[in-house]
Amino acid sequence: GRKRGSDLRYNLEITLEEVAKGTSKELDLEKFVACDTCGASGSRSGGGTKTCTTCNGHGIVEQRMEGFGGIFRKQAACPSCDGSGQEVSDPCPDCRGQGRREDEDRIHIKVPAGVDHGTRLRSSGNGDAGTRGGPPGDLHIVLHVKRHDVFERRGEDLFCEVPVSFGTATLGGELGVPTLEGGASIKVPAGTQGGTIFRLRHRGVRDISSGRKGDLHIEVRVEVPTRLDSTQKEKLREFTELIGE
């Protein structure tokens with residue numbers, strides 16, 4: 001009558017920031033837990049088991065079936081004792097002799113840094129409780145990483161686009177850029193063209209196996225002014241004449 005509990009699957013959604021740093025989560029589950037009324041034995045008074053009266057201890061029953069112009073007999077596991085040949089002598093009223101009951105359970109897990117979409121984590125012994133004191137199953141957590149509004153992940157590297165003003169791209173200067181750890185800045189050389197990629201080392205995601213951090217690749221997108229007054233337009237014409245356009 002003692003059987004191992006079933007394994008369970010839980011789909012957990014996490015953010016890219018949580019992937020980068022690692023995180024802890026509390027999971028609320030509906031599952032079978034050990035019955036505390038009978039101490040998971042299934043017996044109200046601890047009287048144990050007796051020979052199943054349905055199958056007389058054989059664990060199997062014979063069933064008659066009619067079909068194809070005749071009567072057939074087949075053997076199947078006894079529905080009263082699940083094929084064990086034994087049944088609880090005085091079943092617990094709370095778990096009906098199973099030694100477990102359905103209830104809510106809260107599980108604490110740690111998600112290591114560097115996991116990826118589809119990564120599976122196993123929490124040993126946090127699946128369904130076994131019947132009549134049997135060992136519990138395991139809990140398998142499948143991770144789903146939410147799509148980020150700014151960054152795209154490729155392996156351990158991160159990629160993003162950042163707008164740069166026409167003036168900064170032309171004359172050079174400092175440009176504020178986002179990272180998963182907060183803001184940073186890069187130096188933009190004079191004459192930077194749109195599509196230029198800058199790299200910030202070790203600002204990506206940590207590799208779960210080696211611990212090495214990837215890089216952050218920043219592609220600049222030059223923003224051309226769209227609303228100019230007459231004075232600004234005249235100055236721009238003078239500028240283009242000076243550079244020979």
Side-chain angles (χ1 to χ4, degrees), residues 9-28 108-121 140-245:
R9 169 179 169 147
Y10 189 97
N11 295 317
L12 177 62
E13 189 175 65
I14 59 175
T15 65
L16 189 57
E17 286 81 2
E18 291 173 325
V19 168
K21 298 179 181 179
T23 186
S24 296
K25 293 289 186 179
E26 299 283 348
L27 310 182
D28 292 321
H108 176 81
I109 66 162
K110 288 186 178 181
V111 180
V115 295
D116 206 346
H117 188 83
T119 297
R120 293 172 177 260
L121 305 177
H140 299 268
I141 301 104
V142 182
L143 300 178
H144 299 266
V145 182
K146 293 175 63 176
R147 186 172 183 176
H148 202 276
D149 293 334
V150 176
F151 301 106
E152 177 187 351
R153 179 183 179 182
R154 302 176 195 168
E156 282 66 59
D157 289 349
L158 296 176
F159 295 79
C160 71
E161 289 187 358
V162 175
V164 59
S165 69
F166 177 75
T168 301
T170 304
L171 303 175
E174 294 282 334
L175 176 65
V177 295
T179 74
L180 284 178
E181 293 83 17
S185 63
I186 59 175
K187 289 184 178 181
V188 178
T192 294
Q193 302 297 310
T196 301
I197 297 177
F198 297 88
R199 183 177 69 167
L200 290 180
R201 294 179 60 84
H202 309 310
R203 291 298 186 99
V205 177
R206 192 176 303 279
D207 182 87
I208 193 171
S209 300
S210 66
R212 186 190 70 85
K213 290 193 71 172
D215 301 329
L216 171 59
H217 303 263
I218 302 164
E219 181 178 347
V220 295
R221 185 179 67 251
V222 179
E223 291 188 327
V224 179
T226 57
R227 294 182 181 180
L228 300 176
D229 59 27
S230 58
T231 302
Q232 292 170 332
K233 290 180 180 179
E234 184 60 32
K235 294 294 183 182
L236 187 57
R237 289 192 187 97
E238 292 176 5
F239 170 72
T240 56
E241 290 174 1
L242 288 173
I243 63 175
E245 289 188 3

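The structure displayed is predicted, hence computed values, not measured ones.
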Asker: Ignoring hydrogens and geometry, is there a side-chain-to-backbone donor-acceptor pair from D157 to D215 under 3.5 Å?
Answerer: yes
Asker: Quick one, I141 with L27, criterion side chain to side chain contact (heavy atoms under 4.5 Å, CB included). Give me CA distance, side-chain angles, the key distance, then yes/no.
Answerer: CA-CA 10 Å; I141 301 104; L27 310 182; 4.0 Å; yes
Asker: Taking all atoms of both residues into account, what is the closest heavy-atom pair of R153 and G114, and its distance?
Answerer: NH2-O, 3.3 Å
Asker: Which atom pair, heavy atoms only, marks the closest approach of I218 to V162?
Answerer: CG2-CG2, 3.6 Å
Asker: Without swapping roles, check the side chain of Q232 against the backbone of D229 for a donor-acceptor pair under 3.5 Å.
Answerer: yes
Asker: Count the heavy atoms belonging to other residues, nucleotides or ligands that lie under 6.0 Å from NZ of K25, then report whether that count exceeds 12.
Answerer: yes
Asker: To the nearest 0.5 angstrom, please state how far the CZ atom of F198 sits from the CG atom of L216.
Answerer: 12.5 Å
Asker: Quick one: pull up CD in E152 and CZ in R147 and give me the separation to the nearest 0.5 Å.
Answerer: 8.0 Å
Asker: Using only atom types and a distance under 3.5 Å, with no angle test, would you say the side chain of E156 pairs donor to acceptor with the backbone of R154?
Answerer: no
Asker: Counting only N and O atoms by type, is there a donor-acceptor contact under 3.5 Å from the side chain of R237 to the main-chain atoms of F239?
Answerer: no
Asker: Is the number of heavy atoms from other residues, nucleotides or ligands under 6.0 Å of Q193 CD greater than 12?
Answerer: no
Asker: For the residue pair H217 and F159, does the interplanar ring angle fall in the parallel (under 30°), tilted (30 to 60°) or perpendicular (over 60°) class?
Answerer: parallel
Asker: Kindly compute the distance separating CD (E161) from CD (E219), expressed to the nearest 0.5 Å.
Answerer: 5.0 Å
